[in-house]
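Structure, as structure tokens:
Just so it is clear, the values below take in all heavy atoms, side chains as well, and ignore hydrogens, waters and symmetry mates.
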Amino acid sequence: MRYTFIGDIHSAADDLAVLLRAPSLQGSRLIFLGDYIDGRTSRKGTEQTAAIDPLAVLDIIMARVNQHGDVALLGNHDDFWLQTANGDDLSYQTWRLNGGANTWRRLGIHSNHPIVVADALRQAPLARYTKFFAQLPLTWSTDTLLAVHAGLDWHYPLNQQVRDDLLWIRDDYYYGPGKRWHRNLTNKIIVTGHTPVQTISDDGYGFIKMQADAADLPRYLIDAGSRSGAENGGIFALTLAETGKELAKSWVVNQQLFDGSKPLRNQVE
């Protein structure tokens, strides 16, 4: 079995459509890592507008899950939607400041009032998406692989993880003492999204492979900054065998498919 993990999409329906046609994804079971909505329309270094279409992305994801048996995990931005629909004011306020107000317009919600927004998310035509978010898992795993949106708290085993950490954790998952990569304390290769790689490394790659040393089981961060405002922001896909062997890396930026195993700057003419 081949598994392809797809990082944060953030409303980039155009890039997602290109990625799903990539030869390396064919015959794979797809594992989407969350954060399907929100996103910026600007890209650093250019005045060109980047389209965002959250509902088109969700329609694609829902079809992949329902018709192909693929897996979609919940991301923290998706949880903003879900908890706002449930009437949680903190989620509403946090969402409003992190792309929500822009997203609501694209959902046909022309008010920033929390009650109006929540009611719209609970009624047709948006209720079907709210119901979809409500049934999404926080983790996916096999005997050798583990996928989660943000990461793990190393102080606890997998079955005791706190929901907020699975959706939100960053540095405590990435780093150990001395700002070195934390050792993988599970017996599984881990794939996460949540943090754009451009905020950690500017080496031109769309992924980061984290290992404390050569014997450490790898952890992959594959949020390639889709609609984050980064000049090279796009959607990254990592294809692994059941054993964890790397089979392919694909990266779509501005509707162009690139070899994700190489820095983008080496491939752009």
Side-chain angles (χ1 to χ4, degrees), residues 1-10 12-36 57 60-61 63-65 67-73 75 139-149 151 181 184 186 188-198 200-211 214 216-228 230 232-269:
M1 173 70 76
R2 294 164 55 100
Y3 298 101
T4 294
F5 302 86
I6 298 178
D8 303 42
I9 298 166
H10 285 302
D14 49 1
D15 285 350
L16 179 59
V18 173
L19 180 63
L20 293 178
R21 294 194 296 268
S24 61
L25 271 65
Q26 308 315 306
S28 284
R29 188 180 191 194
L30 306 184
I31 314 296
F32 296 95
L33 297 181
D35 277 7
Y36 311 115
V57 169
I60 293 171
I61 301 295
R64 293 296 315 191
V65 170
Q67 299 172 19
H68 299 273
D70 293 331
V71 175
L73 301 183
T139 65
W140 171 91
S141 65
T142 67
D143 290 341
T144 54
L145 305 172
L146 170 65
V148 57
H149 177 64
W181 295 130
N184 186 348
T186 74
K188 302 176 189 288
I189 293 169
I190 306 175
V191 188
T192 63
H194 184 52
T195 301
V197 297
Q198 294 90 345
I200 297 177
S201 173
D202 62 355
D203 60 5
Y205 287 89
F207 75 102
I208 296 175
K209 186 176 183 179
M210 299 172 283
Q211 289 180 286
D216 189 29
L217 276 178
R219 298 176 291 144
Y220 295 91
L221 172 60
I222 63 167
D223 177 352
S226 176
R227 298 304 192 264
S228 67
N232 63 341
I235 307 174
F236 198 89
L238 170 68
T239 302
L240 301 177
E242 176 66 43
T243 60
K245 179 182 177 181
E246 295 180 10
L247 300 179
K249 300 184 185 77
S250 303
W251 189 7
V252 173
V253 178
N254 200 20
Q255 301 180 60
Q256 295 185 61
L257 177 65
F258 297 97
D259 181 350
S261 65
K262 302 175 182 178
L264 188 67
R265 59 177 171 265
N266 294 353
Q267 304 178 67
V268 177
E269 297 180 357

(message) Run the side-chain contact (heavy atoms from CB on, under 4.5 Å) test on Leu240 and Glu246 for me, step by step, so that the C-alpha distance in whole Å, both residues' side-chain angles and the decisive distance to 0.1 Å come before the verdict.
(response) CA-CA 5 Å; Leu240 301 177; Glu246 295 180 10; 4.0 Å; yes
(request) Go through the steps for Val191 and Leu146 under the test side-chain contact (heavy atoms from CB on, under 4.5 Å), then give the verdict. (result) CA-CA 6 Å; Val191 188; Leu146 170 65; over 6 Å; no
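Considering only heavy atoms from C-beta on, Asp15 stays 4.5 Å or farther from Val253 through its side chain. Counting heavy atoms from C-beta on, the side chains of Ile61 and Ile9 come closer than 4.5 Å. Between Ile60 and Leu20 there is a side-chain heavy-atom pair separated by less than 4.5 Å. When side chains are defined from C-beta on, Phe32 does not count as touching His149, because their heavy atoms never get closer than 4.5 Å. Using a 4.5 Å heavy-atom threshold, the side chains of Leu73 and Thr139 count as separate.
Here Asp223 contributes atom CG and Ile6 contributes atom CD1; the two are 13.0 Å apart, rounded to the nearest 0.5 Å. To the nearest 0.5 Å, atom CG of residue Leu16 and atom CD of residue Gln255 are 11.5 Å apart. Put simply, CG on Asp70 and OG on Ser28 are 9.0 Å apart, with the number rounded to the nearest 0.5 Å. Atom CG of Asn184 is separated from atom CZ of Arg219 by 6.0 Å, given to the nearest 0.5 angstrom. Here the straight-line distance linking atom OG of Ser261 with atom CD of Gln267 works out to 7.0 Å at 0.5 Å rounding. Taking CG of Asp35 as the start and OG of Ser228 as the end, the distance is 11.5 Å to the nearest 0.5 Å.
Minimum interatomic distance between Lys209 and Trp181 (heavy atoms only, all atoms of both residues): O-NE1, 4.3 Å. Nearest heavy atom pair, residue Ile189 against residue Gly244, reads CD1-CA, 3.5 Å. Closest approach of Leu145 and Ala241 over heavy atoms only: CD1-O, 3.9 Å. Nearest heavy atom pair, residue Gly193 against residue Asp8, reads CA-OD1, 3.4 Å. The shortest heavy-atom contact between Leu33 and Ala147 is CD2-CB, 3.8 Å.
Here Arg227 pairs with Asp14 in a salt bridge; the nearest charged N to carboxylate O distance falls below 4.0 Å. Contact check on Arg2 versus Glu242 returns no salt bridge, with no Lys/Arg side-chain nitrogen under 4.0 Å from an Asp/Glu carboxylate oxygen.
In this structure, the side chain of Gln26 engages the main chain of Ala22 through a donor-acceptor pair within 3.5 Å. One N or O on the side chain of Lys188 and one on the backbone of Thr142 form a donor-acceptor pair closer than 3.5 Å.
Defined by atom type and a distance below 3.5 Å, a donor-acceptor pair is missing between the side-chain atoms of Ser24 and Thr239. For Gln198 and Tyr205, the side-chain atoms include no donor-acceptor pair closer than 3.5 Å.
Ring planes of Phe5 and Tyr3: tilted class, angle from 30 to 60°.
Remark: Lys249 is positioned above the aromatic ring of Phe207, its terminal NZ or CZ atom under 6.0 angstrom from the ring centre and at most 45 degrees off the axis.
For Asp202, the CG atom counts as loosely surrounded, since its 6.0 Å shell holds 12 or fewer non-hydrogen atoms of other residues, nucleotides or ligands.
The one candidate from Asn232, Leu257, Leu19 that meets the side-chain contact (heavy atoms from CB on, under 4.5 Å) condition with Trp251 is Asn232.
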